[in-house]
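See structure below.
Side chains included, hydrogens not; waters and symmetry mates left out as well; all remaining heavy atoms used. So you know, we letter chains A, B, ... as the sequences are listed, proteins then strands, and number each from 1.
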Amino acid sequence: MFSSRASAHLVQESVVEAKTIREVYDFTLIERKWQAEWENARAFAAHDFTEGKEPYYLLEMFPYPSGYMHMGHMRNYTLGDVMARLNWKKGRSVLHPIGFDSFGLPAEQAAIDRGVDPREWNEECIENIIRQMKMMGFSYDWDRIVVTSRPDYYKWTQWLFIKFHEMGLVYRKEMPVNWCEEHGVLANDEAQEGKCWRCGRIVTQRKLEQWYIKTTAYADELLDGLNELENWPERVLTMQKNWIGKSEGTRVSFDLPAIGEKIDVFTTRIDTLYGVTFLVFAPEHPFVARIMEIVDDEKRAEIMAFIAETAKVDVIERTAEGREKKGLSLGVDCVHPLTGESVKLFIADYVLMDYGTGAVMAVPAHDSRDYLFAKKYNLPIKWVIRPVEGEWTEDDAFTGYGIMMNSDKYDGLSSEDGIDELSRDLESAGLGGFETQYRLKDWTASRQRYWGCPIPMVYCEKCGHVPEKLENLPVLLPPPEKVDMEKRDRGSPLAYVDEFVECVCPKCGARARRETDTMTTFLDSAWYFLRYCDPKNEAEIAGRDVVNHWMPVDCYIGGIEHAVGHLMYARFITRVLNKAGVLDFAEPFDVLFTQGMIYKDGAKMSKSLGNTVSPDDMVEDYGADTARLFSLFAGPPERDLEWQDEGVQGCHRFLKRLWRMFAEFWNARERIKELSASISHAEPELVAEIRRMEHTTIKGVTEDIGRMQFNTAIAKMMELVNFLAPILANEIAPAAVKTVSGDTSDAGEIKPVIAAFESALKTLSGLLSPFTPHIAEEIWEALGGVGFVMHAPWPAHDESLIATDTIEIGVVINGKPRARAIVPADADEASVKEIVFADETIAKWIEGKEIKKFIYVPGRIANIVAK
RNA sequence: GCCGAAGUGGCGGAACUGGCAGACGCGCCAGACUCAAAAUCUGGUGUCCGCAAGGACGUGUGGGUUCGAGUCCCACCUUCGGCACCA
C-alpha cells in the first residue's frame with residue numbers, strides 16, 4: 001500500500017489531469033479528501049429562514065459521551081445521515097444537529113474511581129466521538145453542538161425549572177426511597193432483590209423530601225395528544241398509553257366509626273358495590289397508624305409485625321407475579337354506605353399506596369384477587385352480578401360485565417347502566433361519584449448527585465423555598481476539587497460544600513441555604529432539540545421565530561428504549577412551553593422512527609459484554625462508506641440485526657467493483673475520446689437498455705427510500721452495477737483497445753453507448769451519495785458534476801424510457817406455473833389468450849381438457865383453469 | 001395473564017395494494033488466472049426423485065376463503081418486546 005500522502009498526490013493528479021485513473025479503490029484517500037472538502041466549504045451548515053426552501057429538521061437522539069462509540073451506536077447516526085443527505089438533495093433547507101447528554105453517573109463514577117475531573121472526562125470523550133463521527137462522514141452542522149453539562153446550556157435547564165415553578169408545576173414531597181449506605185439513593189432497577197447493584201448491600205427504605213414535577217397535571221393532554229401523532233410507531237403509542245394508564249371509575253366512601261373517619265376507595269366496578277364483603281388497606285395507609293392507637297396490645301403487635309414484614313420486601317418483589325396474597329385483619333369494621341352492614345377491614349401487601357386511594361373495596365365474587373384472599377381467610381362471598389347468558393360456577397370469581405342482582409333497587413340493570421346510576425346516586429348522596437385515575441406519577445426531579453444540573457432553588461427560613469433570580473443564572477456547579485463525591489449522608493455531596501450552600505435569599509436578602517440536589521438528566525435531554533434551533537442565544541432559551549421556523553422536528557430517530565421515559569418528558573415540556581406561550585406547537589416530533597439494535601454473537605452489542613465492533617477498525621480496514629453501507633444493507637432499519645463480518649466484506653467488495661468499473665470506464669472513454677472522429681450511427685438497442693435500467697433504478701430506489709427501505713434500495717443499485725459491468729467488459733473496453741491500436745471502426749458505434757453508460761454512472765453516484773457519500777463525490781467530480789453531489793438534485797426518472805413494447809409473463813395452469821409467454825405490453829385479455837393458446841408447451845398441458853376459465857393479470861401472469 | 005411485533009433456503013434478508021416465492025448479499029461447489037496462496041473473474045446453488053428432459057414438494061402448525069394465499073379469515077405453536085396484584 002502507498003502511504004496516504006504519496007497516493008493522495010497520485011490520485012489527485014490522475015483524476016484531474018492525467019489520462020488514467022487507478023483501479024485500486026483507495027478509500028482512505030477518497031474519504032479524507034472529501035471530509036476536508038466538506039469542512040472547508042461548510043457544506044453541512046444549516047441556514048435559518050432560507051428563502052424558497054422548505055425547512056427540514058432531522059434529529060437523532062443525542063449520545064451520552066462515554067469514551068467511544070461502537071457500530072451499534074453508529075447505525076442510528078448513519079440512518080439519520082442518510083435521511084439528512086437525502087433531504088439536502090431534495091432541495092430542503094436541512095437542520096441536522098448533534099450534541100451530548102453529558103451530565104450523569106458515568107462521569108461521576110469515573111471521577112470517584114479514577115479521580116479524574118468529570119468535566120475533562122466529558123470533554124475528552126466528546127472530542128473523541130466527534131472525531132469518530134467526522135470519520136464516518138456524518139453531515140452535522142458542527143457549529144450547533146450542544147452539551148448539556150456546559151453552563152451556557154444548563155442555565156436554560158434551570159430557567160425551565162423556574163418557569164415550571166412559576167406555573168405551579170413543581171412541589172416538594174416526602175417519599176420513601178431505596179437507600180444504600182455506600183451509594184445513597186438507588187433507582188428501583190439499581191436495587192434488584194433488595195440489594196445494591198454495585199456493592200450488594202441490603203437496601204433499606206428511607207424517607208426523603210424531594211422536588212417533583214406535576215406531569216400528572218398534563219396526563220389527559222399527553223394522552224389525547226397521542227391521537228395527533230399519526231407518524232409514530234403504533235407500539236410506542238401503545239406503550240405511552242399504558243404508561244399514562246387512564247382509568248375511569250367511581251369514588252365511594254365507607255364510614256370507619258372506630259376512628260371517626262371516612263375511607264375513600266376507587267373502583268372501576270361500582271356495579272359490584274353490593275358484593276363488598278371486606279375492605280383492604282395498603283400497609284402504608286395513614287389510617288393504619290390511627291387504628292393501632294385504639295386496638296389492644298396484642299393486635300397492635302400483630303399489625304406492627306405485618307408492616308415490618310412488608311417493608312422488608314422491596315417494591316419489585318412485592319408486585320411480583322403469582323405472589324401469595326398475605327393480609328391481616330385490623331380488628332375493626334367499617335360501614336357499607338348503602339346497606340349499612342358491617343364490613344371487616346384488612347391490610348394486605350397486594351394493595352399499593354401510590355395507586356388510587358391506597359384502599360380498595362373487596363368484592364370476592366367478582367374480582368380474582370379478592371376471591372383468592374377471601375378463600376384464604378375464609379371470608380364471605382356475595383354474588384351480585386350474573387352473566388347475561390348462561391350459568392356461572394362458584395369455583396371462581398366472575399369478573400365480566402353482566403346483570404346486577406342482590407343489589408336492592410338496582411337489580412336487573414346491566415353493569416354499564418349500574419355503574420352510571422350508582423355513581424350518580426352516590427354523588428347526590430354525597431358519598432362519592434365519578435373519578436378518573438392515572439397510573440402516571442409525578443416526575444421526581446431531584447437526584448442526590450454531584451454531576452448534574454443544580455436545581456436553582458433557595459431555602460430561606462422566612463420565605464421558604466424561593467427560586468433563584470433569573471439574572472443570577474446559571475447557578476454554577478462548584479468545581480470537582482471542592483467536592484467529596486462519596487459523601488452522601490446528607491443526601492447530595494453538594495450539601496457539604498459550604499461556599500455552594502451558603503447564599504442569600506433572592507426575595508428578602510437574608511442568609512439562606514441553596515438546594516443541593518441536582519436535576520435528573522432526563523430533564524436536560526427533554527428540551528435539547530429546542531436549543532439546536534438557536535444554540536448561541538444568550539438572552540433566551542431559543543429565539544421564538546427561529547424555533548417556530550424549524551420545529552417541530554420532521555423526523556426523530558432513536559432507540560425504542562426511550563419509548564416512554566424520554567419521549568414522554570419531551571412531549572410534556574413542549575406542551576408546557578406551548579401553554580406558557582413560548583412555543584407555537586404542542587408536539588415536538590412529527591415523525592418518530594425507532595431503529596433496531598445491533599447484535600453480535602447473539603447478544604446486544606455493548607461495551608460490558610465485550611462484543612463491540614469499533615468504527616475506528618472498520619474505517620481503517622474497509623473505509624467509512626463500507627461501514628455505512630453494511631449497517632444499512634444488512635436489514636430493514638426498524639429491525640434488529642446481527643453483525644456479520646462476512647457481510648461487511650460483501651459490501652466492501654461491491655464498492656471495490658464499483659470503483660474498478662468506474663476507473664476502467666473512465667480510462668476507456670479517454671482513449672476513445674481522443675482518437676476517434678465523431679461518426680454518427682443509428683443508436684444501438686444497447687443504449688435504450690442502459691437508459692431503461694438507469695431509470696428503472698432511479699424509480700425503484702426513490703420508492704424504497706420513501707418507505708425507508710434502505711436495504712432494498714441498495715440491492716437495486718447493486719443490480720445496476722451488475723448490469724453495467726459486463727457492458728463495459730464486453731463492449732466498451734474492447735472498442736477502446738481497438739481504438740488504441742489504431743482501428744477506429746467501432747468508435748462511432750460505441751460513442752452513444754459510452755454516453756449512456758456515463759449518464760448511468762453519474763446517476764448512480766447521485767443515488768448512492770446519501771449512503772456512501774465519499775465515493776459518490778469522487779465519481780461525481782470525475783464525471784464533471786457541478787458542486788457537491790450531496791447538494792445536487794436527486795435524480796428524476798422518465799417513465800417513457802422504462803416502458804418496453806413486449807413483456808414476458810408467466811402462464812399458470814390449474815395453479816401451477818407451467819410456461820412463459822411473450823406478449824405486447826398493452827395487450828388485452830383476449831389477445832393474450834390467443835397468444836397463450838398458440839403456444840406448444842401450453843397446448844400440451846391443456847390437451848383434451850375443457851377450458852373453464854382464463855384470467856390475465858396485466859404484466860404479471862396468465863392463469864388457465866382447465867378440467 | 002394482558003397488549004404488541006415477528007416466524008420464508010445453510011445464513012442476513014426480498015416479494016408495495018392477493019398474481020411467476022427466494023431479489024440483493026453472505027456462505028458453499030466447480031472452473032479461470034497463479035509455482036502457490038490471497039485478491040479478482042466466470043458459472044452453479046430451496047428440498048427430494050431423475051443421467052437428462054422433466055416432475056413432486058416447499059414461506060411455524062392445522063383448517064378455511066379464492067381461478068390463484070408468504071400475503072386475507074379462524075384456531076394453535078414458538079420467539080422477541082412492553083405492561084403486569086392498577087382496584
Side-chain angles (χ1 to χ4, degrees), chain A residues 23-24 233-243 245-247 249-250 265-270 272 279-280 282 318-325 348-352 354-363 367-370 372-373 437-439 560-561 563-564 596-597 629-630 633-636 638-651 653-654 656-657 660 700 703-704 706-707 709 711-719 721-722 725-726 729 808-821 852-866:
Chain A
E23 288 172 17
V24 176
E234 200 53 45
R235 57 177 177 154
V236 175
L237 297 176
T238 311
M239 282 191 212
Q240 293 220 348
K241 199 177 157 211
N242 290 342
W243 191 256
K246 183 175 182 170
S247 160
T250 311
V265 301
F266 173 77
T267 177
T268 53
R269 292 297 304 275
I270 197 68
T272 64
L279 247 60
V280 191
R318 188 168 145 190
T319 57
E321 176 193 1
R323 193 175 140 82
E324 196 188 359
K325 282 147 191 52
D349 57 1
Y350 76 90
V351 177
L352 307 171
D354 55 8
Y355 184 80
T357 60
V360 300
M361 60 178 223
V363 187
D367 180 287
S368 11
R369 290 157 303 171
D370 297 342
L372 289 171
F373 194 85
Q437 278 290 334
Y438 299 90
R439 207 187 78 103
I560 187 74
E561 65 271 23
V564 279
M597 285 182 299
L629 198 64
F630 175 69
F633 179 65
E638 70 279 6
R639 272 228 289 265
D640 293 340
L641 73 83
E642 175 78 22
W643 185 269
Q644 283 181 327
D645 291 332
E646 297 82 7
V648 177
Q649 283 172 35
C651 288
R653 210 171 290 160
F654 166 69
K656 281 204 296 201
R657 255 157 63 78
R660 193 173 348 102
E703 279 170 3
D704 287 350
R707 290 179 291 148
Q709 290 237 2
N711 54 333
T712 52
I714 292 165
K716 289 186 172 102
M717 292 187 273
M718 287 174 167
E719 281 181 84
V721 171
N722 292 345
E808 201 183 21
I809 60 164
V811 181
V812 175
I813 299 165
N814 289 336
K816 301 222 183 292
R818 294 297 186 190
R820 314 188 59 75
K852 291 272 188 196
K853 211 165 190 178
F854 183 85
I855 297 153
Y856 174 53
V857 183
R860 298 192 184 270
I861 57 146
N863 190 1
I864 301 166
V865 187

Atom P, compared across B:C72 and B:A6: separation rounded to whole Å: 10 Å
Where A:Y350 and A:V280 come nearest, the two heavy atoms and their spacing: OH-CG2, 3.9 Å
A:R653 side-chain N/O to B:C26 phosphate OP1/OP2 under 4.0 Å: yes
For nucleotides 5-11 of chain B, tabulate all protein N/O to nucleotide N/O atom pairs closer than 3.5 Å, reporting atom names and distance.
unit_1: B:C11; atom_1: O2'; unit_2: A:Q644; atom_2: NE2; d: 3.2

Interatomic distance at C1', B:U8 relative to B:U47, whole Å: 14 Å
Greater than 12 external heavy atoms within 6.0 Å of A:W643's CH2: yes
Distance between P atoms of B:A15 and B:G25 (Å, rounded): 16 Å
So which protein N/O to nucleotides 18-23 of chain B N/O distances come out below 3.5 Å?
unit_1: B:G19; atom_1: N2; unit_2: A:N863; atom_2: ND2; d: 2.9
unit_1: B:C20; atom_1: O2; unit_2: A:R820; atom_2: NH1; d: 2.5
unit_1: B:C20; atom_1: N3; unit_2: A:R820; atom_2: NH1; d: 3.1
unit_1: B:C20; atom_1: N3; unit_2: A:R820; atom_2: NH2; d: 2.7
unit_1: B:C20; atom_1: N4; unit_2: A:E808; atom_2: O; d: 3.3
unit_1: B:C20; atom_1: N4; unit_2: A:R820; atom_2: NH2; d: 3.4
unit_1: B:A23; atom_1: O2'; unit_2: A:E719; atom_2: OE2; d: 3.4

RNA chain B: 5'-proximal contact among A:T267 and A:N722 (nearest heavy atom): A:N722
Shortest side-chain distance from A:R439, nucleotide among B:C83, B:G82, B:G55: B:C83
From B:C67, B:A14, B:C41, nucleotide with atom closest to A:Q709 side chain: B:A14
Atom C1', compared across B:G18 and B:G27: separation rounded to whole Å: 33 Å
Whole angstrom value for the distance that separates C1' of B:C85 from CG of A:D370: 10 Å
For B:A23, the Watson-Crick or wobble partner whose two distances fall under 3.5 Å: none
Nearest-nucleotide comparison on RNA chain B, the residue closer to the 5′ end among A:R369 and A:A725: A:A725
Gap between atoms NZ and P, on A:K241 and B:C2 respectively (whole Å): 17 Å
